[in-house]
Structures are given as C-alpha cells and as structure tokens.
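Only one structure is covered here, and it is reproduced in the block below.
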Amino acid sequence: MGAEQSTYDGPPEILEARDISSVAKYMKSGQCKNIVVMLGAGVSTSAGIPDFRSPDTGLYANLARLNLPYPEAVFEINFFRENPRPFYQLAHELMPGRFRPTPTHSFVRLLANHEQLYVCFTQNIDTLERRAGVPGELIVEAHGSFASQRCVECKTPFDGEKMEQHIREKKIPVCESCHGLVKPDIVFFGESLPPLFHQSIPKLRNADLLFVIGTSLTVQPFASLARMVPENCPRVLINLDHVGDFGSRPDDVVLLGKCDEVIRDLCRELGWQDELDKTWKETEDSVVEFQEVKEPEEVSQARHEKARAELAAVAQGQPIDPEKLRLKEEVDELTDQVARSLDISGLAQEAQNDGAMEAATGEELPLMGDQQDVPDKSDGDSERADIAKKLL
C-alpha cells in the first residue's frame, strides 16, 4: 500500500520504501523530530460529522431543509448578518460535545505525547482535536472553531457558557455591549483567516514528516500547505482518494483507505496499538447528552403576547426592543406550534418565520429558495410595516 500510487521516477531518498512500515521505521528513528499534521473533514466523519462536499451525504448536500438560496450561504458572513437563523440551526446539530473524537484524533494526541508533534493544522471547526487532548498551543484552526466567539460588529468576546446555552436552546445570541450579532470564531466566506494561521506557516520549513489526513485539498490557502514543506521531507497522505500532487516527490507515501483503519495499521507498525486504544478510550465520556429545552405552554403564550406588542410597535414606526432577535425566536416558537396543529406546509411556515424576523429586527431577510442574491434593503421600512400588520 503506497508504492503503487507514486508517479516519481526513482527511489526514495529518506524512507527505505514508500510504504507504511517504512514510515513507522522513520518515525522511530532519531531523524524524525518535527511532525506536521494537516487534518480535513474526513477525519471527523467516523464521529458522525458529515464532510462538506461528498455527494448525497456531505453537509452541503443535506442543507435543503434550511431553505437556503445555495448551500454555502450558511457560512457566508453577509448572509449571516441578514439571517443568522439557519447557521444557528446547524450549530445546534454540530454543537461541540455531541460527538466523540475519533482514533485519528487520538493518534495526533499520541504524537504530542511522544513529543513529535510540531504543529497540527486543521480545517475542522468541531474542536475534536482539543477534546481528544491535543495541546491547544500545537493546534492551528485554519478556519476557526467553536472554541471561542465574539460580536461581529464590535468584536467583544462572548461568554462561552452563555454561547453553549444559546446553541442548546436554538437561540441567537446578541452582544451585551452593542446588541450586534454574535457568532463563533469560525471563518466564514468573506472573512480573513486567523492571524495564527499565517504566523504558523513558516513552521512548515522545519518539518521532518508531514501527514495529510482526510482532506480533498481543494480549499485554498490550506491546500497549499502540503507543498510548503522541504523537498526532502517525507509526505504521507491518508485519505479515501488520491489528491493534490502526492506521488510527485521521492518520499511521498499514499495510503488510501478509511482514516481510522489506516491509522490503526500505522500504530501496529509503531508498536503504539495499546497506547492508541487507551488514549481513545479516555474520550468515551466526552460526549455530552442534553435534552431539548421546551417552555411550558402558559409561559410561551405570555411571551407571544409580548411579541405581538413589539410587532405592533414596528408596524406603527415605533422603536423596537434591543433584544430583537429574542423576539424573533419567540414568534418562531409559537409559529411552530401552530404549524404542527394545522399541518401548515414547511414552505409557508418558513415564509411566516422570515416575515416575523423582518418585522422584529428591522432588517429585510434574503428571499429563500427562488432567489440567489441578497436582496436590496432600500424599501424595507414599508415592507416591514406591512408584514407586521399581517402577522397581527
């Protein structure tokens, strides 16, 4: 496994052969001190987290239920500013704590335990590296993660426990300083990558070995990292498919298969199998079970009455309450209850919810389904007033 995938015409220069046993032998030698790891979404699929682009099973292929204009919109900053609701529905499903780290995550921790992990670059936002026990100072979350959060307007950090509660309850958090939207420090389309990512790139020049695991190597600039290690640095691809320019260098090893299975084979060659099992077993209790929070019907009705009063104020051109997004959630909750009892179609329900959002927030939302572009907000005031009157 590995040698048949090489297109390089010549023998390896550092490794004895382009196979898994040669990789293990090199790792156990005194030459291999600085191991760099690049992780993609394929590392987390065995934990139950879908990758992004796989047909039928990928995250983007299964976002139709959110009625987005196009799947990537859920991670676009301009769309989020207009309508944060789809992202927080998704965040509830992907919430850290729902998923257990995989054996591959535990392997990265083993590299750290053996003082061989130099840096771990990850595309993933799920924080499973951290939950597996990989030291935070060795992790570079290239696309951000759920590990921290802040206001998109004033950049004020938001309390982690409060954020977790909001995600659990499917509520949209707002900044306590300026009432702007709050989101996790996940890099959306339209945002810059974290400074730490750029600051860590020079470390690639010191790599003695590179692992690229579970990534399609299609998203830049992350994909380009694999070409930045020295020419004489062995590179190991562990993936379902052959990607990138792997096989073009003398010490490239391509190990195709499921990440966890290949990693277990490698650990057997290293003599780390028991260590891997023990380290992964430590993550057994890392999954946090929680129940959906439901309000008593009488409390929900009282909150709805307040929502109706707020909507009436909007229709009359009066200022709205600062907690505009909380109001929208209250209307959503009642709408869901009515929809279940009257068997209203999902499309009609989404239209009513989005209308309530416009009325409550003073911001017009993108038209879902039929329109691909973010709409103009120039005539939003009169439309919001009309919508508020209809809802009342």
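The chain is numbered in sequence order, starting from 1. These figures come from a predicted structure and were not determined experimentally.
Note that Arg264 lies in the cation-pi zone of Trp280, set by a 6.0 Å cut-off to the ring centre and a 45° limit from the axis. For the pair Arg249 and Tyr8, the cation-pi test (distance below 6.0 Å, angle within 45°) is failed.
Between the side chain of Asp245 and the backbone N or O of Ser248 there is no donor-acceptor pair closer than 3.5 Å. The backbone N or O of Ile14 lies less than 3.5 Å from a partner atom in the side chain of Asp251, making a donor-acceptor pair. His105 contributes no side-chain N or O that, together with a main-chain N or O of Pro101, makes up a donor-acceptor pair within less than 3.5 Å. At least one donor-acceptor pair under 3.5 Å links the side chain of Lys155 to the backbone N or O of Val152.
In this pair, His114 and Trp272 present their aromatic rings parallel. The plane angle is below 30°, not in the 30 to 60° band.
The aromatic ring centroids of Phe188 and Phe79 lie 6.0 Å or more from each other. In summary, the aromatic rings of Phe189 and Phe75 are positioned with their centroids too far apart to meet the 6.0 Å limit.
A side-chain donor-acceptor contact under 3.5 Å links Glu76 and Tyr70. For the residue pair His179/Glu153, the side-chain donor-acceptor check at 3.5 Å is not satisfied. Side-chain polar atoms of Arg100 and Thr283 form a donor-acceptor pair below 3.5 angstrom.
Residues Leu39 and Phe222 approach most closely at O-CZ, 3.6 Å, considering heavy atoms. Across every non-hydrogen atom of Leu193 and Ala142, the tightest pair is CD2-O, 3.4 Å.
Remark: of the listed residues Thr104, Thr122, Asp126, Asp126 is the sole one forming a side chain to side chain donor-acceptor pair (under 3.5 Å) with Ser44.
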